[in-house]
Every structure is written in structure tokens, then in C-alpha cells.
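First up is the structure itself, then whatever we jot down about it.
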2 protein chains.
Amino acid sequence: MASIKDVAAEAGVSVATVSRVLNDHPSVSAEARTRVLAAVETLGYRPNAVARSLRTDQTHTLGLVISDVMNPYFTELARSVEEEARALGYSVIIGNADERPDLQDHHVRNLLDRRIDGLLVSPTDGGSPLMLDAARAGTPMVFVDRWIPGVDVPVVRADGRAAVRDLVAHLHSLGHRRLAIIAGPAATTTGRERVEAFREALGVYGLELPDAYIGQGDFQAESGRRVTEGFLDLPEPPEVVFAADNLMALGALDAVRARGLRVPDDIALAAFDDIPWFVHTDPPVTAVAQPTGELGRAAVRALVDRIEGRPGESVTLPARLVVRRSCGEPPNPPQSPTPVQRSTS
Amino acid sequence: MASIKDVAAEAGVSVATVSRVLNDHPSVSAEARTRVLAAVETLGYRPNAVARSLRTDQTHTLGLVISDVMNPYFTELARSVEEEARALGYSVIIGNADERPDLQDHHVRNLLDRRIDGLLVSPTDGGSPLMLDAARAGTPMVFVDRWIPGVDVPVVRADGRAAVRDLVAHLHSLGHRRLAIIAGPAATTTGRERVEAFREALGVYGLELPDAYIGQGDFQAESGRRVTEGFLDLPEPPEVVFAADNLMALGALDAVRARGLRVPDDIALAAFDDIPWFVHTDPPVTAVAQPTGELGRAAVRALVDRIEGRPGESVTLPARLVVRRSCGEPPNPPQSPTPVQRSTS
DNA sequence: GCACGCCGTGGAATCGATTACATCGACGTG
DNA sequence: CACGTCGATGTAATCGATTCCACGGCGTGC
């Protein structure tokens, strides 16, 4: 593969001049510029990003460590992150932690070794020494979706409180009183917060959230199934199951079906994180939708701000409730002649 | 960030010795080794992968350019690729082409500039000069899922012929005779092959595939919707719609619902590419399942073989039919007491 | 007792870029 | 006319690693 030296030789100039042309430095004669450009063309030369990074100490690359690629929420997040990064002149390397702290650490280490310019993390746990050290050492870093309290790193996330209140209002108006939740791991902020928001919203209606109605999940489908089975085995099973993420909702749906029960007739179901597939499930699932794309873009902007020496601030965007049929018939039956279209959004 | 020089100073040895310890070269005294290791520990030193890559001309990184991350099939593929690569000591940089040739080119160029050791591609189109040049120039490369004919690059893919024959047999046994297909882009091999396999399978039963029953899609949900609407508008609409990928199947489902029609009673639906969500849609969707994880792993093995100087061969694995309820009741009604479990797979 | 070989080590070249500094000619001004 | 300035270019140091080569010391064999 041709190097800058080859180009210099071909164009009959020094490597410095070639470099100047490539980085369009002003003080290069038009004459030299055209000769260099021609040489670049004939040799099919492309600058070696590795060498360039070594010299400039910049890789123009962001690292993104997410908890689970197979979760459509994170897939969409990753996609929007890459889009915005590309628009700002950066590439993205994605590391999938699969909800495993050891894998998360592996990826963080790998990304730091590669000298990425900044790190976007949705932490799986409370944060390993590695990550905390990196943050302290000044690696530009931004948390997205989940974060670690007490660490001085901007956080870009959605606030689901209002949407959860709307959800509980919706459930209450449908007559549901015994509401249960499948929580995420207590080590994650989203795992804890969603339970809190739910409990708080229940309080508004004078409802309790008994321990028996809090199932411990791990954001994976299988745990949703297991927890739901536990709920169904209770002497007084809940009327509603609220899953703290979409995969656990899927597991819950499985568990309910496996018993030969029906949603929403026998038990209602709602989920945190809306995804396109929820429109097509049987029944369509009512969910709290995060502005995923916006989150990804805002996170990249905050990170690039940090990298380029600007402040880089935290952002919190509101989530919103999307009502479908999994909790019972909506309170305001639609006048529309084609009721099937109601839940298309 | 500490460099190898700092470590050498701290340990009181030369950088050469430090390097030898790090790459566990045999000829280093135990004494020196422990001193270096201690220095590494106290400084929290990590070798700079950028510098190492420049010197060794190896990045231990694979590039993966896929057609669409939001498609669960490709997400799973990406995941298995990363897993196998990690097991073999490589990292993966994913580029999402979003079915756009220009974006595909952007990512290929970016990956080549970064001097990745090898490239895994699922081409969106017939291949740009850039990609073809890279292949000819000797960049280790493997095609996965889709490929470009006439290019000397190993191909790892699934053969859906047998499964499509099984599908058509299934449909035929249910009494369906007017079968239509939503094809993928003609520029992709999978776009063409699936139509051919379908036509061939129909031939076995003496059935034709008229042009009116071949809709041109682009592997995205919206095109599935559009094509399906076209089918439904025909004077004699098909009894079955076979979508050449899962997203177009989703679009088809939308279109059918929007008309107030029901699957499978009014029209049957099947898809190429099975995904977990098809178990949960209304109704569960009959699909041709590829051994996605195996494909990803085999592709990585083939690519790493090439990189490390071994042959690196093409692999073709069989796809298989997964029958669910979207084409009508299966011919052999299950004896099982809990019929809802039938389609859990 | 001497020469040879081997082991452990350090010096220095190298990978492919960027960039500070030096050089050189042309031009403008006092 | 001389000197300072500026524009265009080249030389060489540098980034952080790896690795070839040389060198000193020690053990072994004849």
C-alpha cells in the first residue's frame, strides 16, 4: 500500500508538502498542489489513519459500550449514535457487554487501548475501577440511558416519571388495582428508578407496591418469564404486570401464554421501552417510549463537546406513554371506522 | 498516559527489555521481568495499540459491513461475529450500510483507512470499484449472507432452497395455489435467489409465478407494506404472500391489518429469516430460519484463516422451515394439551 | 588457557504520518 | 540599495511501539 513517501516521490516534492496538501494547509503553491493531487490519484493513495493517530494523538473515534445489542432499544441507540458521530466526523466502535460486567470491562479496556477520543457508556453495573479511573484520569466520557451516581460525567437519559404516572393513571382508570413490576438489576440506575417511579405513581392513587409484587429481573427475556410465573403462582396474582424493559415483557408474554391465559383479559401487560414490534404482538403492547434517537444524538453531541474542549452538558428528555391494547380497552373507544389502525404508532 | 519509556525508566531497563517482557520473549532474565512487571503495575501502563499497529502492520481488528443493523437478523449476525472474533483475539468494527451503497462505500473506505486486518461484508449492491479493488489488492475478505458473483472471495451463507421447497409443500398441502413473493433488491444475491428458489419450488407442484405476483421490495418494512397493498388490489389477489425478509413481512402484516383483513384466514403470510419476535406476533409467523449464529462464526473463522495465511474456505449451511400459524392450521394438529406452546420455538 | 557460543541487554532503525524550524528567493519599503 | 517580510518548500524530530544488531560476560569444550 502506497505511503506518503511514494506520493512525494511521484510528485517530485517532499513528504512535508504532501502532508500540507492533504491537510489543506494554506501555504502550498497551486502548482505543487495539483502535482500532489495527481500523484495521489495515480497511486490510489489513502493516508494511514494509524500513523496519523499516533502522531496527532487523535483517533476521531468514539467508543460505545452498550448493555445488550440484541435489545432493539440499544440497537436503535447505537444506530443514532453512529449517525450523529458520522455527521460530526467521527467513527464509532461498539462494544456489546451483554449485561456482563466482565465483558463491559473487556470492551472498555480494549477501547482505551485503541486510544479512542471519547467513551459513551450505558453501564451494566456500578462501574469497575477501570472505568472510574478512566473517568477520573480525564478520558472524555458520557453516560447514556444508565449512569453511575457520584461520578462526574455528563448523563444523557430519558425521564420516565411522567410517563409512568400516565401509565398508572391509565391502568387505574381501567379498574386495575393490583399492579406488579418486573424490575431490572438493582446495580443499574434504570433498574432502580423505574421501580421508584412506579411506586411513586401508585402512591398518587393510594396504592401500595408490596414486595411480593416486585420481581427481580435482569433485563433479559428469560427473567421476565420466570418472574411472571412467580406472580401467577401467588395466592392473589396481580392484575397487571409492568416490565421494566421490552425483553422482559416478551418473557412475561410467553409465561402468560404458556399458562393458557390471555392478555389483557386474564392479566394486563405493559413495558418500559417501546419498539416497533410491540405494534405487531398479540396483543399490541402498551409501553413507555423513550426518544431513543434523540438520546443517542444528544449523547454524541455532549461527548464531542467534551472532546473538543467545550463544556458538554447532561441532557434529560421526557419519555411518553403509548397506549395499545395489552392493558384492556382504552377508556375512550375510538370513533374511527377502522379500529385496527388505532395502534399503528 | 504512561508510555513504554516511562516503564523502562521506572524499571531501570531499556525500552527493548520492556517490550520483550510485554511480548513474553524468552530471552529476558527473571529479575528484569519482575522489575518491569512491577513498573507496569505501579504506572498502570497499557501498551498503545495505535503505536503497536503502526509498527507491526496488524490491528487485530476485523471490519464488518452489514446492510442494516435494525434488522434483527443482522443484529444477531453481528453479535455472533463479535463473539467468535473475540475468542480468536480480534475486535470488530461494525459499519451499518442501511442498504445504501454510498454508506457502504463510506464504511469500507473508513475501515481500510484504519488498516483493519480483514473485511467481512454483506454487500448491499453489486460492489463498488472500491470494494472490488480492495479484494483484488489482496485485503483479506469474506462475504457473508450476500455475495458478489465473479469475485474471488469466500462466501459464507445459508442455502434456503430446501427450506423454501418445504415451505411451498406446506402451503400446497394447506390448499394454497396462488402464491406471491415480495422480492428483495435485484442487486443483491439474496434478493434474486429467494425468488428463484420460490419459483423452482412452485414448479414442483406445477404452479406458476406470474409477474403480477412478484413485488419488488428493498428489504425494508415500508416496501413490504407497499407491495402487499398492490397484491391486495389485484383483481385476483394471492392467497399467500412470502416476504423475502423479516422486515418486509412486518410491512405486509401492517398492510393486511390496515385493510381489516386477517392472517391467515384472509391471506397467508410467510417470511425468510426467522427472528424471536415472530413467535409473538399476531399470528405467529411461519418462517425460513437461517443458522445465523453459525454463519457469523464460520465467516469469522474463514476470514481469520485468510488473514493468518491459511486457505479460508466458503461455507454453505442449510436453512430450515419453522411452521407457525400464519399460513393456516398445520396439517398435523398437535395432541398436546397446551396448544399455545406449539409455536414456542 | 583460549576461543567460541550463548544469554541477556541496550542502542538505534523503523513504521507513516505531522509539524517546528531552517532556508531561499522575491518583493516592498525607507 | 539594503534590509526586513513573507510565501513556498525541505529537513528532521517526533509519536510509541517492535526488532535487528552489537556487545559484554560467562560457561564450556578442546
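Throughout, a chain's letter reflects where its sequence line sits, starting with A, and its residues are numbered from 1.
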I want to check one thing: is the phosphate of [N], taken as OP1 and OP2, less than 4.0 Å away from some side-chain N or O of [X]?
{"X": "B:Thr56", "N": "D:dA17", "value": "no"}
{"X": "B:Thr17", "N": "C:dG10", "value": "yes"}
{"X": "B:Asn48", "N": "D:dC15", "value": "no"}

Need one value for [X]: base, sugar-phosphate or nothing, where a base atom within 4.0 Å counts as base even if backbone is also close, heavy atoms only.
{"X": "A:Val13", "result": "sugar-phosphate"}
{"X": "A:Ser29", "result": "sugar-phosphate"}
{"X": "A:Ser19", "result": "base"}
{"X": "A:Ala32", "result": "sugar-phosphate"}
{"X": "B:Val18", "result": "nothing"}

Which sits closer to the 5' end of DNA chain C, B:Asp57 or B:Glu31, going by the nucleotide each is nearest to?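 Residue closer to the 5' terminus by nearest nucleotide: B:Glu31.
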
Which of these, A:Leu103, A:Val69, A:Ile66, sits in a side-chain contact (heavy atoms from CB on, under 4.5 Å) with A:Asp98?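 The single option meeting the side-chain contact (heavy atoms from CB on, under 4.5 Å) with A:Asp98 is A:Leu103.
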
Base of C:dG10, side chain of B:Arg20 - is there a donor-acceptor contact under 3.5 Å?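 Side chain to base: pair found, below 3.5 Å.
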
Taking atom P of D:dC6 as reference, at what distance in whole Å does atom NE2 of A:His25 sit?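 Those two atoms, NE2 and P, are 14 Å apart.
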
Given atom CZ of A:Arg46 and atom P of C:dG16, what is their separation to the nearest angstrom?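 Result: 16 Å.
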
Could you go through the salt bridge (Lys or Arg N to Asp or Glu O under 4.0 Å) check for A:Glu99 and A:Arg146 one step at a time? CA-CA 12 Å; A:Glu99 303 286 359; A:Arg146 310 178 184 175; 2.9 Å; yes

So if I take every side-chain heavy atom of B:Arg52 and compare against C:dC15, D:dA17, C:dA12, which nucleotide ends up nearest?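 Of the candidates, D:dA17 comes closest.
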
